[in-house]
Protein chains: 2
Amino acid sequence: MSPAETAALHRLEERERTLRRGAALVRENDAATELFILKRGMMMSFVILDDGSRQILRFLFPGDMIALSAIAYPRAPESVAALSDSVVCAFERPLLARIAADQPRLFAAVVALDQMERVALTDRLAGLGRTSAKARVASVLLEVRNRLRRLDPALGDSFVPGLTQEEIGDATGLTAVHVNRMLRQLEEERLIARESGRVTFLDEARLARAANHVDRLSGLDLSWLPAPTAG
Amino acid sequence: MSPAETAALHRLEERERTLRRGAALVRENDAATELFILKRGMMMSFVILDDGSRQILRFLFPGDMIALSAIAYPRAPESVAALSDSVVCAFERPLLARIAADQPRLFAAVVALDQMERVALTDRLAGLGRTSAKARVASVLLEVRNRLRRLDPALGDSFVPGLTQEEIGDATGLTAVHVNRMLRQLEEERLIARESGRVTFLDEARLARAANHVDRLSGLDLSWLPAPTAG
DNA sequence: CGTTCTGTTGATCGAACTCAACTAGTGTGG
DNA sequence: CCACACTAGTTGAGTTCGATCAACAGAACG
């Protein structure tokens, strides 16, 4: 990465904001002039339907870009709230425009990251449409563990998801009661173990199979991007 | 739009390819070096799960960009096939890179379009997770009509979806049998009428309510984009 | 030290699936 | 030109998965 690109990235991270668990960062239909990068903690984006039910669209981890849809929409299409105490960096829309103009390679990388998220979204869509409740719950566990491990490569088979069963339900389109039964079933089948909020994968291969899990980790390919611009 | 931008757009549309109904354009895991713009016809992107079931991720209409995920992934994460006889324009990845570098404003517009599609995807996700079978079927009908109307503003309440009930089922996570029953129910409730493949909306307001439909048409906001570059 | 949140468990209900049979339209090859 | 096959749609009967309702236990918390 060139010095100019590094500088541009740092400019995005000047203004920090702290959020407590449960706090809202963006509300649906808010005017969308700000974008964010999650610095620390875990957040979620979601929508509330007419009948009051909630669908969690995405879990957010440090490094994730929040509210990129502000590129196209004047109002936020989804809400964002903190699942744990979190820190975000806020920046204004025009700053991104300047990057698009001055640092095309950097902007293309942002777009590429967004594509990865889009693919994750389609995987989730396929899961919701076509897999069993047990598979969806297993899938959330795998996703969270994998994201956490990207932050701490030393993380093994044991971790604390930091999600309530209701939150897992809202992500998978299930009720909290049924999530509970599915977790219990995964436990009975010796795929996972649980103790006070901590989950341990006992047989990850079998769990991945039960979840219909597709591994997309096979490295990105950004080689086709334009060469770095000078200075 | 500046002349240079127009020229760049035309360069994307030099190579045309024709597809018959049912023909595959991209297969999951294909090497992804090409991108496409749909010129005429209707297509779909989908994935096939381990158990053989299909989840349709997105219906594609003229003007839509196909396989933008090639920006990030070396292999296609989803398949694309023609729902009717179609024409696409193919171009190579590096051509998009050149646009990113030389026409930042144009590239940002591409990104904005992609965001719109991302939002549509999240709306679909919420529908799959949290709405009834009837709502999902109604939602597909509304979506297809609205997209068709964007191409032909004269289109009224009567149209030919050009989808089989099985395809509607694969888009909504339902079986073809149940889609049939839901269509019949919408008919009995006098929300729609059907005759030999043609669908007529009898009470669009009530249909939209039944579908939990969110209208995102409220204009885009691209005003913050950088100024056009010279020539 | 009550109140609230989260998790657990049982009983019952209902939406959507599965399986099966049948019809109508559309080719299509002999 | 017809017989056969194939696709798409329709309908009924029975089953199942996950929702709903309800009750309670423990932890967290002000």
Side-chain angles (χ1 to χ4, degrees), chain A residues 20-23 49 51-56 81-85 127-141 160-189 192-199 210 212, chain B residues 20-22 49 51-56 81 83-85 127-141 160-189 192-199 210 212:
Chain A
R20 306 207 160 260
R21 164 169 171 90
L49 302 204
D51 65 353
S53 66
R54 175 175 70 174
Q55 175 66 48
I56 295 179
L83 285 166
S84 69
D85 293 352
L128 269 190
R130 291 300 190 198
T131 70
S132 69
K134 185 162 50 154
R136 289 183 240 167
V137 171
S139 183
V140 166
L141 293 179
V160 179
L163 296 171
T164 66
Q165 295 181 0
E166 184 171 5
E167 283 156 356
I168 296 175
D170 286 345
T172 53
L174 302 169
T175 58
V177 172
H178 205 59
V179 168
N180 183 290
R181 288 194 233 270
M182 292 303 103
L183 285 171
R184 180 151 308 281
Q185 205 173 317
L186 291 171
E187 212 174 3
E188 273 165 17
E189 294 172 11
I192 64 172
R194 292 184 303 152
E195 29 148 5
S196 58
R198 170 167 292 271
V199 172
N212 241 298
Chain B
R20 307 208 159 260
R21 164 169 171 89
L49 303 203
D51 65 354
S53 65
R54 175 176 70 175
Q55 176 67 48
I56 295 178
L83 285 166
S84 68
D85 294 352
L128 269 190
R130 291 298 188 200
T131 71
S132 68
K134 187 163 47 155
R136 288 183 242 166
V137 170
S139 181
V140 166
L141 293 180
V160 179
L163 296 170
T164 67
Q165 296 181 358
E166 185 171 4
E167 282 155 357
I168 296 176
D170 286 345
T172 52
L174 303 169
T175 59
V177 172
H178 204 57
V179 168
N180 183 289
R181 287 195 235 267
M182 293 304 103
L183 285 171
R184 178 152 308 282
Q185 206 173 315
L186 291 172
E187 211 174 3
E188 274 165 17
E189 294 172 12
I192 64 171
R194 292 184 304 151
E195 29 149 5
S196 59
R198 170 167 293 270
V199 172
N212 239 296

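Note that the coordinates shown come from a computational prediction; the quantities given were computed from them, not determined experimentally. Values below: every heavy atom of this structure, side chains too, minus hydrogens, waters and symmetry copies. Per chain, numbering begins at 1; letters A, B, ... match sequence-line order.
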Peer 1: Please give me the minimum heavy-atom distance between B:Ala81 and B:Gly22, naming the atom from each residue.
Peer 2: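 Scanning both residues completely, I find the closest heavy atoms to be CB-O, 4.5 Å.
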Peer 1: Considering only heavy atoms from C-beta outward, does the side chain of B:Arg130 approach that of A:Asp170 to under 4.5 Å?
Peer 2: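 Contact flag for B:Arg130/A:Asp170 side chains = yes.
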Peer 1: Using modelled atom types and a 3.5 Å cut-off, is there a donor and acceptor pairing between side-chain atoms of A:Arg21 and backbone atoms of A:Leu83?
Peer 2: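 Flag set: sc A:Arg21 to bb A:Leu83 pair under 3.5 Å.
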Peer 1: B:Leu128 and B:Thr172: which non-hydrogen atoms are nearest, and at how many Å?
Peer 2: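 Nearest pair, atom of B:Leu128 first, then B:Thr172: CD2-O, 3.0 Å.
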Peer 1: Quick one: label A:Gly173 by what it contacts on the DNA or RNA (base, sugar-phosphate, nothing), any heavy atom closer than 4.0 Å.
Peer 2: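 Sugar-phosphate, backbone atoms only, no base.
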Peer 1: Rounded to the nearest angstrom, tell me the gap between atom CZ in A:Arg21 and atom P in C:dT6.
Peer 2: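 One finds 6 Å between P of C:dT6 and CZ of A:Arg21, rounded.
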Peer 1: Could you work out which one of C:dT8, D:dT11, D:dG18 sits closest to the side chain of B:Asn180?
Peer 2: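 Selected nucleotide (nearest to the side chain): D:dT11.
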Peer 1: Specify the separation, in whole Å, of atom CG of B:Leu163 and atom P of D:dT7.
Peer 2: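 Spelled out: CG on B:Leu163 to P on D:dT7 is 18 Å.
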Peer 1: Measure from the side-chain heavy atoms of B:Thr164 and tell me the nearest of C:dT18, D:dG9, C:dG7.
Peer 2: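 Closest of the options to the side chain of B:Thr164: D:dG9.
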Peer 1: Please report, rounded to the nearest Å, how far the C1' atom of D:dC6 is from the CD atom of B:Glu166.
Peer 2: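 After rounding, the gap between these two atoms is 13 Å.
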Peer 1: Report yes if a side-chain nitrogen or oxygen of A:Thr175 is closer than 4.0 Å to either non-bridging phosphate oxygen (OP1 or OP2) of D:dA19; otherwise report no.
Peer 2: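 The answer is yes; a side-chain N or O of A:Thr175 sits under 4.0 Å from OP1 or OP2.
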Peer 1: Tell me: CD1 of A:Ile168 to C1' of C:dG7, nearest whole Å?
Peer 2: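 About 11 Å, once rounded to whole Å.
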Peer 1: Using only side-chain N and O atoms of B:Arg194, determine if any of them is under 4.0 Å from OP1 or OP2 of D:dA8.
Peer 2: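 Indeed not, no polar side-chain atom of B:Arg194 lies that close.
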Peer 1: Once you round it to whole Å, what is the distance between P of D:dA8 and CG of B:Leu183?
Peer 2: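 In whole Å, D:dA8 P and B:Leu183 CG are 15 Å from each other.
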Peer 1: If I take atom CZ in residue A:Arg181 and atom P in nucleotide D:dC21, what distance separates them, rounded to the nearest angstrom?
Peer 2: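 In whole Å, D:dC21 P lies 14 Å from A:Arg181 CZ.
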Peer 1: Please determine, for the side chain of B:Leu174, which listed nucleotide (D:dC21, C:dC17, D:dA19) has the closest atom?
Peer 2: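 Looking only at heavy atoms from C-beta outward on B:Leu174, the closest nucleotide is C:dC17.
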Peer 1: What's the CZ-P distance between B:Arg184 and C:dT23, to the nearest Å?
Peer 2: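 Distance, rounded to whole Å: 16 Å.
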Peer 1: Rounded off to whole Å, could you give me the CD-to-C1' distance for the A:Glu188 and C:dT8 pair?
Peer 2: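 Atom-to-atom, A:Glu188 to C:dT8, this comes out as 13 Å.
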Peer 1: Counting only side-chain N and O atoms of A:Gln165, is one of them less than 4.0 Å from OP1 or OP2 of C:dC5?
Peer 2: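 No, A:Gln165 has no side-chain N/O under 4.0 Å of OP1/OP2 on C:dC5.
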Peer 1: If the test is salt bridge (Lys or Arg N to Asp or Glu O under 4.0 Å), which one of B:Glu189, B:Glu187, B:Glu188 qualifies with B:Lys134?
Peer 2: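 It is B:Glu189, the one option of B:Glu189, B:Glu187, B:Glu188 that forms the salt bridge (Lys or Arg N to Asp or Glu O under 4.0 Å) with B:Lys134.
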